[in-house]
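For reference, the structure is listed below as structure tokens.
Start at 1 with the first residue, then count along the sequence. Heavy atoms only: backbone and side chains are in, while hydrogens, waters and symmetry mates are out. None of these values were measured; they are calculated from a predicted model.
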Amino acid sequence: MKRRRSSSPKTGSTSHGSSGTEYDVFMSFRGPDTHANFTNSLCHTLMDKCINVFIDKQGINVGEEIGPEIFQAIDNSKICIPIFSRDYASSSWCLRELEHVMQRWKTNELEVMPIFYDVEPSDMKLETRVYADALTLHKEKHGAEIVQRWAEALREVTGIKGWDTKNRDHEELARMIAQKVLVKLKVSCVDISDHLVGMDGSVNEVVNLLNVEYEDVRLIGLWGMAGIGKTTLAKVVYNKLSSNFDGCSFISDIREASRGSGMLDLQRRLISDVTGDTKVRLSSIDHGKNMIKRQFCGKRFLIFLDDVDDVSQLRALVEKKECFGLGSRIVVTTRDRSVFAEFQDQFDCCLVYEVNELDTHVALQLFSKHAFRRNSPPNEFLSLSKEVIAYTGGLPLAIEAIGLFLRGKKELVWQVTLKKMKYCQQRDVHEKLMSSYEALDHPQQQIFLDIACFLSGEKESYATYMWDDCGFFPDEGIEILHLMSLVKIRGENRLWMHDQLKALGRSIVHQENCKDPIKGSRVWYGQGGPDIVQQKKGTGTVAAYYNQSEVPLQDSVLTSKDFIEVPNIRFLKLSYQTLSGDFGDLFSELRWLTWCGCPKEMQATNFCPKNLVILDLGWSSSIDEHWGGWTQLKVATRLKVLDLSYNKMLKETPELSAFLSLERLILKGCKMLMKLSDSIGMLKYLVLLDVSYTNIVELPNSIANLKRLKVLNISGSCMRKLPDAIGMMEKLEEIYGANCQQLEVIPSDIVGLPSLQILKLTGTRVENVPVLLQSLRMKKMKDEARQLAADRETSDTICTTAAVQNVFGIGDRVKQITDFLEAEVNDESKVKMEEEARQRAADLETSDRNYAIAAVQNVVGIDDRVKQITDLLEMEVNDEVRIIGIYGTHGIGKTTLAKAVYNRISSCFNSCSFLAEVEQTTQNPRGIQFLQTKLIRDILQRDREDPSFDERIESFLDIFREMKVLIVVDDVERQSHLQAIVGDQPHWFGLGSRIIVTSNNSEILKEYDLGKTRSYMVHQLDNGQAFELFCKHAFGRQSSIHAYDGLPNCIVNATVKLPLAVEVIGSFLRGKSVEEWKKMEELMKQLMTSSQRTTVGCKEILDICYKALDPKQKHVFLDIACFISGMDARIASYMWSNPHLPSSDCILMPLAKTGENNELQIHRLLRCLGKRILDQEESEDPIPRKFHIHVTVPEAISNDKGMENIEALCFDLDDHDSCVFTARHFESMPGIRFLQLDNARVSGDFACAFPSLRWLCWQRCPLDFGAMNFVLRELVIFDLSWSKVVEDWGGWSEIKVV
């Protein structure tokens, strides 16, 4: 048998996994019937198109069997073309081929394109004698079973669309088939990265939008910022669906390709892709449009247009639905959503899908594939990888670029790269994003740079006032930036920009003057802000100056001379700075002034920011209504926004008559404020008045003159009633009065407000709301429902799901409200609907937050307990604060249970904090301060480096009382400690807050209001739960292994049913032999006999496990238990890596673990065990050891005997302590390996002081260094974090690490 394949070059293809040569097409035919005519013509036509064909020229002689190479050729082909002639079924060889082909077709491994040559479907179904007689003859030779399989294969082919050769020109038919083959083969022509992750959800959502089964013509847009993954998503969808259409085309990079006369080339490519005609000639764009309509209108096509940036491109390629046959789909990727505007009515369905950033887990996986060629980073690079991911902001392009760059690099390169990422981008990322910036006009570019450099997170309304006054046309600019995926508007209408876009903007500003960045048009914190005016390096080009120190600065006085060379400042942000001197007209261009911590005395004269439109003096504790600056600021007659929020000294508003253009007055949180000036009635343009959380009892009558007021916020104030004249405010739309506990009455005139849409009175004493007001609210709901229903019918809907931030949940909401329109709704159902809507909004606000703590693993019986605690918390009650105590003995699982509850409910709160191991932390002299600071940072979601948290916790209570928070205080034993963290009563926090306390002390909450406290006692595991938990730790499964023959039951029955004890004994026995298990069983029996108890207690089990360690492991355990719990295991391992001490692989279960961030973890009982062992005079440890922990004065060790045994010494000194250490303090401790000298000073000659020291922790090390010959021969870990050292610090020359 001889087989010949074409010698034509092979087109791009993908292996099916079989060995041997790959083919595009396998042809199956009966040679004598068709070879001389049609088959030969088709074969040559395919080969002319460079299609790789497998075809038999000679056939198989009589008596020969089909060989494995034929099946191999079928397996290695993408498409099979069987040609069914009248004698096809007489060949057993053809039937065997067909059977194998149909098997692969049924598993989607092979495309089948049948050709019917002088046969009918009835022949294929064996309804005539044409094929039926042939199969009857085959039964005698091959048997009924095989022939039955062949018959079934013939019948299956009739269900596949093919070609009939009757009455058709063979050459024309061959060309048509060849074009169809080309279309089918194009599936593999779209190249896709091998490193795809997290695509399934987005792909399925887009496929659902396309809905290829529906016979309409659809245009689907994939919209998102540059580098977000639009093209990759499009390619995956294209490859998934392209085989379902008569023709397909994927045209990449249209934005670049369309430049100049490129549109004609794009039209030619589109026509060529779909029709197979490579010689398309077009004379003009209109000619191309007409040809597309003429050739595309009758068939079902799939067309992908990638990176469209102008509507003219769509007009030239896919102008309207009439150009395409029913069922056609067009997918467009773009950064600019506006390109779809004029196509809403041109297609049956036009939808826009927003492509968003990757979540952290998927981003880390993608980064790992590029950086390490694996799904997750190695442990030693995990922390660094997470930092890199944080800087990329989940942008796939940035993730891939930085991953490839860091592949194979050393850790030092990673550290340097991380620092650079704060200020510059990878070239590929920069160029991609820069093209979007360059498409903006000048005013839009200015808005972009403002947001990138210092306005991200600010309210859009504030920024709009400034940009409008500068002639930047903000309404249009923000809309364009939004449509181009360059900015978004998020919660509280605040501006949001992706981190990579912010980096782009700052790099653009940096390029304005590379040699001296602070001469650029914008200067922000971290780039020399405080120096720009003081060093007079700014120029006339400086348009903004941003200083954010947020702590009082000594000598922080700026004079008028400092601003002479920066006259064009339009945005100025100061924190705790003082202005002094004669300023004349220096701030004539200033539009926005934010001055946090404004000083009590106004030292500036002629301070005349006459063009000021935004004045933000919030959080200025020193100024009041008599502040000297008010007189000078009267020149700001164009002022639109005055923000005085959280000013503690303000008792009455200043005179407002000078600010007649004012539109927004914010007095929120001014606790001393009792009165509004009568001049407020002169503010005829005021649209928002916020006096929430003030001490105001009533509003002046002059408020009736505020005819344009739309929003009135009196929430949390001392207001007793709304003014009678409120009914005259015809423009009033929203009234917020929640938590006004003195508010009892709203005037009946309120029914006359025609525009009122929102009235919030929860937490007040108001009982009766006028009936007419309810009808107004009903009208609002109906209007909204009709609008939403209309929006849904239009094709302008942004079709996203939870994965892509479906902010409005529009589907469910429309259904509920439209159902409501069709039936009369009573008050009860109306209230229920409003509650559900509020709950959905709350859920969506918190859905992006991730407060989950370390995962709780290998737990049993916890679900019921979590539910019981959740029921006690009464999450549905939002009008008070609840506190619950979880009690039980040590090791019972209180912390594990608290973690599970925390992870379950944390998404229901504005902010959350989990304070772990409070008892252990408070043993540190500054433990309470540390816990308070952590609580503040967690609730306000601030970084550790933020210096504004030096204040006491009481300074933040006003903020806390406005927030619904979840706090877990874990392992606290003393009431004083708990009260220092969350207050003596739970009124520090906003309504709806929940506090969970875990403690061994069941009296810990007895001083709190019993009506707001709940208790939950954690009991031991039952036998079944204990056995399951034991098996999970001993075998890694829920049940026992047969080989151990009842031993697990015996050991569990002998163990106290505390989770810690069960976990430790199970982990200890994991991997040990049956003999070792039997020894443990015998030992436990002996202990029960000697103690006359029925079970072995937790302490005894811990002792057993400790004694089973070898000396090296005991050494490591005691180190962890006594002084390095919580440290990074990777760092700690260096201390043990010498010939006398064990390596890090000795950190084994069950007595110590490493957490998800590689921190060393050890239970409190195990820490107690370690300290107890060291305190025993008759210790079984052969190496006598001694530690001094948290020593506060040097004298505590000066006269101590036995100092030669000390191996670890921890000094923890307050900042104000003036302790000075000399070598004398340490001369009797030659064996010290770990030394903590936080805040300490040293003096004298230390030449021979530390012969064995391996780890020196010297946080907050002072700037002055008084020691000499500080020789550290064995040092491997040196921690100077949070210190004041600089490059010329004296210690660098005196500290000698050999």
Open item on the list: So, taking the atom named NZ in Lys651 and the one named NE2 in His626, what distance separates them when rounded to the nearest 0.5 Å?
Closed with: 8.0 Å
- [ ] Enter the distance from Met729:CE to Leu712:CG here, rounded to the nearest 0.5 Å.
- [x] 6.5 Å
Open item on the list: Which heavy atom of Leu558 sits nearest to which heavy atom of Phe583, and what is that distance?
Closed with: O-CZ, 4.0 Å
- [ ] Please answer whether the main-chain N or O of Leu495 pairs with a side-chain N or O of Glu460 as donor and acceptor at a distance below 3.5 Å.
- [x] no
- [ ] Check whether any side-chain N or O of Arg994 sits under 3.5 Å from a backbone N or O of Gly992 as a donor-acceptor pair, and report yes or no.
- [x] yes
Open item on the list: Nearest 0.5 angstrom please: Ile478 CD1 to Phe472 CZ, how far?
Closed with: 12.0 Å
Task: Backbone N/O of Leu572 and side chain of Trp595: donor-acceptor pair under 3.5 Å - done: no
Open item on the list: Looking at Asn647 and Ser620, would you say the former's side chain and the latter's main chain have a donor-acceptor pair under 3.5 Å?
Closed with: yes
Task: Residues Glu733 and Lys731 bridged, charged N to O under 4.0 Å - done: no
Open item on the list: I need the full list of ring-ring contact (aromatic ring centres under 6.0 Å, His included) pairs touching residues 631-688, with sequence neighbours left out, sorted by first then second residue.
Closed with: Trp619-Tyr646
TODO: Please say which of Ile666, Ile703, Leu662 ends up in a side chain to side chain contact (heavy atoms under 4.5 Å, CB included) with Leu689.
DONE: Ile703
- [ ] With side chain to side chain contact (heavy atoms under 4.5 Å, CB included) as the test, would you mind laying out the steps for Ile936 and Phe960 before giving the verdict?
- [x] CA-CA 9 Å; Ile936 296 170; Phe960 289 174; 4.0 Å; yes
Task: Donor-acceptor contact below 3.5 Å, side chain Ser993 vs main chain Val965 - done: yes
Open item on the list: Does Glu730 have more than 12 heavy atoms from other residues, nucleotides or ligands lying within 6.0 Å of its CD?
Closed with: no
- [ ] Report the residues that fulfil salt bridge (charged side-chain N to carboxylate O under 4.0 Å, His left out) with Arg765, sequence neighbours left out, ordered by chain and then residue number.
- [x] Glu744
TODO: Mind checking the CE-CD1 spacing from Met875 to Ile905? Nearest 0.5 Å is all I need.
DONE: 4.5 Å
Open item on the list: To check you understand the geometry: which heavy-atom pair defines the closest contact between Val881 and Phe989, and what is its length?
Closed with: CG2-O, 3.5 Å
TODO: Can you see which heavy atom on Ser657 is nearest to which on Glu655, and at what distance?
DONE: OG-OE2, 2.8 Å
Task: Pi-cation contact, Tyr693 with Lys668 (under 6.0 Å, within 45°) - done: no
Open item on the list: Checking the side chain of Arg708 only, and the main-chain atoms of Leu706 only, is there a donor and an acceptor separated by less than 3.5 Å?
Closed with: no
- [ ] Give the minimum heavy-atom separation between Lys640 and Ser661, together with the two atoms involved.
- [x] CD-O, 3.7 Å
Open item on the list: Take a 6.0 Å sphere around NZ of Lys707 and say whether it holds more than 12 heavy atoms from other residues, nucleotides or ligands.
Closed with: yes
Open item on the list: Between Thr578 (side chain only) and Val557 (backbone N and O only), is there a donor and an acceptor less than 3.5 Å apart?
Closed with: no
Open item on the list: Given 3.5 Å as the limit, does a donor-acceptor pair link the side chain of Arg570 with the main chain of Cys470, or not?
Closed with: no
- [ ] Output the distance between atom CG (Leu617) and atom CG (Leu574), rounded to the nearest 0.5 Å.
- [x] 10.5 Å
Open item on the list: With a 4.5 Å cut-off on side-chain heavy atoms, are Leu667 and Asp690 touching?
Closed with: no
Task: Side-chain heavy atoms of Pro747 within contact of Ile726, under 4.5 Å - done: yes
Task: Residue from Val687, Ile750, Val711, Leu709 passing side chain to side chain contact (heavy atoms under 4.5 Å, CB included) with Leu732 - done: Leu709
Task: Check: Val997 and Tyr1008 side chains under 4.5 Å, non-hydrogen atoms - done: no
Under 3.5 Å, sequence neighbours excluded: what are the donor-acceptor pairs made by side chains of residues 713-721?
unit_1 : atom_1 : unit_2 : atom_2 : d
Asn713 : OD1    : Ser715 : N      : 3.0
Asn713 : OD1    : Ser715 : OG     : 2.9
Ser715 : OG     : Tyr736 : O      : 3.4
Ser717 : OG     : Ile714 : O      : 2.7
Ser717 : OG     : Met719 : N      : 3.4

Task: More than 12 heavy atoms of other groups within 6.0 Å of Gln979 CD - done: yes
TODO: Mind checking side chain to side chain donor-acceptor pair (under 3.5 Å) for Thr559 and listing every partner two or more places apart, or none if nothing turns up?
DONE: Asp562
- [ ] Give me the ring orientation class for Tyr462 and Trp592: parallel if the planes are under 30° apart, tilted from 30 to 60°, perpendicular past 60°.
- [x] perpendicular
- [ ] May I have the step-by-step check of side chain to side chain contact (heavy atoms under 4.5 Å, CB included) for Leu593 and Phe587, ending in yes or no?
- [x] CA-CA 10 Å; Leu593 172 61; Phe587 288 127; over 6 Å; no
Open item on the list: If the condition is salt bridge (charged side-chain N to carboxylate O under 4.0 Å, His left out), which residues does Glu625 pass it with, not counting sequence neighbours?
Closed with: none
Task: Polar side-chain atom of Arg961 near backbone of His987 as donor-acceptor pair, under 3.5 Å - done: yes
Open item on the list: Check this for me: Asp582, atom CG, are more than 12 non-hydrogen atoms of other residues, nucleotides or ligands nearer than 6.0 Å?
Closed with: yes
Indicate every side-chain donor-acceptor pair of residues 669-683 with a distance under 3.5 Å to a residue at least two apart or in another chain.
unit_1 : atom_1 : unit_2 : atom_2 : d
Ser677 : OG     : Ser679 : N      : 3.1
Ser677 : OG     : Ser679 : OG     : 2.8
Ser679 : OG     : Leu656 : N      : 3.0

Task: NZ/Lys934: more than 12 non-hydrogen atoms of other groups inside 6.0 Å - done: yes
Task: Atom CE of Met963: over 12 foreign heavy atoms under 6.0 Å - done: yes
Task: Sidechain-backbone polar pair: Asp624 side chain, Trp627 backbone, donor-acceptor under 3.5 Å - done: yes
Task: Value rounded to 0.5 Å, distance of CD1 in Ile614 from NZ in Lys459 - done: 11.5 Å
